[in-house]
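One structure is given below, encoded as structure tokens.
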Amino acid sequence: MTATTLRTQVAIVGAGPAGLTLSCLLHNAGIESVVLENRSRRYVEERIRAGVLEQGTAEVLAAAGVGERMHREGIVHHGIHLQFAGERHRIPLSDLADGRAIVIYGQTEVVKDLIEARVDAGLDLRFDVADVSVHDIETERPRVRFSHEHRDFELECDAIVGADGFHGVCRPAIEQHLRIFSREYPFAWLGILAAAPPSSEELVYAHHERGFALLSLRSAERSRLYLQCAADERLDEWPDTRIWDELQCRVALDGWTLVEGAVLEKGITPMRSFVTEPMQHGRLFLAGDSAHIVPPTGAKGLNLAISDVTVLAEALVSSFTGGSRTGLAEYSRMCLRRVWRAEHFSYWMTTMLHRLGDDPFDSQLQLSQLRYIVSSEAAARTLAENYVGLPLGHRAATPGR
Ligand code: FAD
Ligand code: DHB
């Protein structure tokens, strides 16, 4: 069967937050793209993941014209809590970080808003595609082959963006040109969505001798909660009663109770740190999780994906509109400084808050660090600045510095 040839300016592989936001930013600037996703629309819209948007991320989405529901339903938070040694301490993020805040708005909702905008505008977004492969990326005419609804296609374009996550096909296609940095952790997160009102108005990151726990939320009726578990544990080892017992134990506080509710969804997420350098080769540009992974403790994964595509959109628009091509050549360098900052922050939060093993020396160091954060404004500010997200300007190296 011969393939049908299609043509666009930018072929985007993956309809996660990175690919969808990029297609939206490009469309707003008059650049055409096609988004190819190998899962169904329903699957992509219901995949529960992150929930914390940095203010800069919320601003990008609003400026792109997809912030209306986020403004209505997102919950602005000005602080988080650190809990350890039986005490809970508030970190006043906004007071410490120039008034900046975070917005609690699920990744599922971000993705739904972006998909709806694209579908309403009648733009090309194909779900359930199969056999995606990238070709001729070292030439001026790269191509993506795929099949869709039992037909084969060849999509000619000027640039391909691999926004296909950690397990996608784009990064492996250029792996021999990349340097990989990575770290695996011997633990994972068991996350649940519960039909329960949040017991704490703001997020609580809890250090406990039995392991880390996190209280988050999605709305006034939905709590999102996480527990550290072993990397090799299976969900069937965690009936709901065991999850609640463990949460109750790890976040217990005198005079405060954790409200329980029906468990609507649960899953185990492995933890890793991973960076590829550079994030591009020829006419293929990697963005989001396809280029880097952070352990979730700093809530950075989704935010990094959006900052990558903000840089990439600017560079692509400039190259298509007769402006400079240096933006594209510099894309990876522009992103990696911010990526490594987020990598360090996520690693730091992870190793400070999780049970690392049986050595009590580790937990004494963690407790010392946590006490320092809640007693030194300088230390708390370091956490706050990174948590709310450094300004996008931090992404590029400043000459001479
Ligand atoms: P993705 O969201 O992974 O999107 C990539 C898309 O590409 C997917 O839709 C995928 O189906 C598609 N795709 C893959 N292969 C192909 C192919 N061959 N062809 C076409 N399409 C393809 N971050 C946090 O900050 N907090 C969290 O609590 C948190 N929880 C997470 C839980 C899980 C299980 C995972 C995997 C990640 C989690 N993250 C979390 C990270 C955060 O969700 C990601 O950083 C974010 O989704 C990155 O967006 P992305 O668009 O780069 O990648
Ligand atoms: C959530 C996820 C995170 O990784 C985090 O650090 C805080 C909150 C969440 O899903 O709500």
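One-based numbering, in listed order, for ligands and for the atoms of each. All values reported here derive from a predicted model rather than from experimental measurement.
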Between the protein and ligand 1, are there any N or O atom pairs that come within less than 3.5 Å of each other, and if so, what are their names and distances?
from, atom 1, to, atom 2, distance (Å)
ligand 1, 2 (O), Arg49, NH1, 2.7
ligand 1, 3 (O), Arg49, NH1, 2.9
ligand 1, 9 (O), Glu37, OE1, 2.6
ligand 1, 9 (O), Glu37, OE2, 3.3
ligand 1, 9 (O), Arg47, NH2, 2.7
ligand 1, 11 (O), Glu37, OE2, 2.7
ligand 1, 11 (O), Asn38, OD1, 3.4
ligand 1, 11 (O), Arg47, NH1, 3.4
ligand 1, 21 (N), Asn38, N, 3.2
ligand 1, 28 (O), Tyr226, OH, 3.2
ligand 1, 43 (O), Gln107, OE1, 2.8
ligand 1, 43 (O), Gln107, NE2, 3.4
ligand 1, 45 (O), Asp289, OD1, 2.7
ligand 1, 45 (O), Asp289, OD2, 3.3
ligand 1, 45 (O), Gly301, O, 3.3
ligand 1, 45 (O), Leu302, N, 3.4
ligand 1, 47 (O), Arg49, NH1, 3.0
ligand 1, 47 (O), Gln107, NE2, 2.7
ligand 1, 51 (O), Pro17, N, 3.2
ligand 1, 51 (O), Ala18, N, 2.9
ligand 1, 52 (O), Asp289, N, 2.8

- Task: Considering the heavy atoms of Trp189, write down every atom of ligand 2 situated less than 4.0 Å from one of them.
- Result: 3 (C), 4 (O)

- Message: Checking side-chain contact (heavy atoms from CB on, under 4.5 Å) between Leu155 and each of Val134, Thr4, Val34, which is the one that passes?
- Response: Val34

- Message: Students often mix this up, so state it plainly: with edges at 30° and 60°, are the rings of Tyr185 and Phe187 parallel, tilted or perpendicular?
- Response: tilted

- Among Leu178, Leu336, Val339, whose side-chain contact (heavy atoms from CB on, under 4.5 Å) with Thr276 holds? Leu178

- Would you say the side-chain atoms of Arg118 pair up with the backbone N or O of Asp124, donor to acceptor, closer than 3.5 Å? yes

- Task: Below 4.0 angstrom from a heavy atom of Val52, which ligand 2 atoms are there? Numbered from 1 as shown, please.
- Result: 7 (C), 8 (C)

- Message: Between Leu190 and Glu233, is there a side-chain heavy-atom distance shorter than 4.5 Å?
- Response: no

- Item | Residue and atom name of the nearest protein heavy atom (relative to atom 10 (O) of ligand 2), distance in Å to one decimal | Tyr226 OH, 2.6 Å

- Of all pairs that satisfy ring-ring contact (aromatic ring centres under 6.0 Å, His included), the ones with a partner from residues 219-275, not counting sequence neighbours: Phe166-Phe274, Trp189-Tyr226

- Query: Are any of the heavy atoms in Gln107 under 4.0 Å away from ligand 2?
  - Reply: no

- heavy-atom search around atom 3 (C) of ligand 2 in the protein gives Pro296 O, 3.7 Å

- Would you please classify the geometry between the His148 ring and the Phe153 ring as parallel, tilted or perpendicular, with 30° and 60° separating the classes? tilted

- Message: Using a 4.0 Å cutoff against the non-hydrogen atoms of Leu203, which atoms of ligand 2 qualify?
- Response: 7 (C), 8 (C)

- Task: Decide whether the shortest distance between a heavy atom of Arg218 and an atom of ligand 2 is less than 4.0 Å.
- Result: yes

- Protein heavy atom at shortest distance from atom 11 (O) of ligand 2: Ser216 OG, 2.6 Å

- Taking only heavy atoms of Thr297, which atoms of ligand 2 are found under 4.0 Å from at least one of them? 6 (O)

Using atom types as modelled, flag every donor-acceptor pair under 3.5 Å from a side chain in residues 194-204 to any protein atom, sequence neighbours excluded.
from, atom 1, to, atom 2, distance (Å)
Ser199, OG, Val259, N, 2.8
Ser200, OG, Glu202, N, 3.4
Ser200, OG, Glu202, O, 2.5
Glu202, OE1, His81, NE2, 3.2
Glu202, OE1, Arg90, NE, 2.8
Glu202, OE2, Gly79, N, 3.3
Glu202, OE2, Arg90, NH2, 3.0

- Under the ring-ring contact (aromatic ring centres under 6.0 Å, His included) rule, what pairs show up with a residue in residues 102-131, not counting sequence neighbours? none

- Quick one: are Arg381 and Glu377 in side-chain contact, heavy atoms under 4.5 Å? yes

- Measure the CZ-CG distance between Arg218 and Leu264 for me, rounded to the nearest 0.5 Å. 12.0 Å

- Query: Going by the atom numbers of ligand 2, which of them fall below 4.0 Å from some non-hydrogen atom of Arg49?
  - Reply: 10 (O)

- Note on the structure: For atom 6 (O) of ligand 2, the closest protein heavy atom turns out to be Tyr205 OH, 2.6 Å

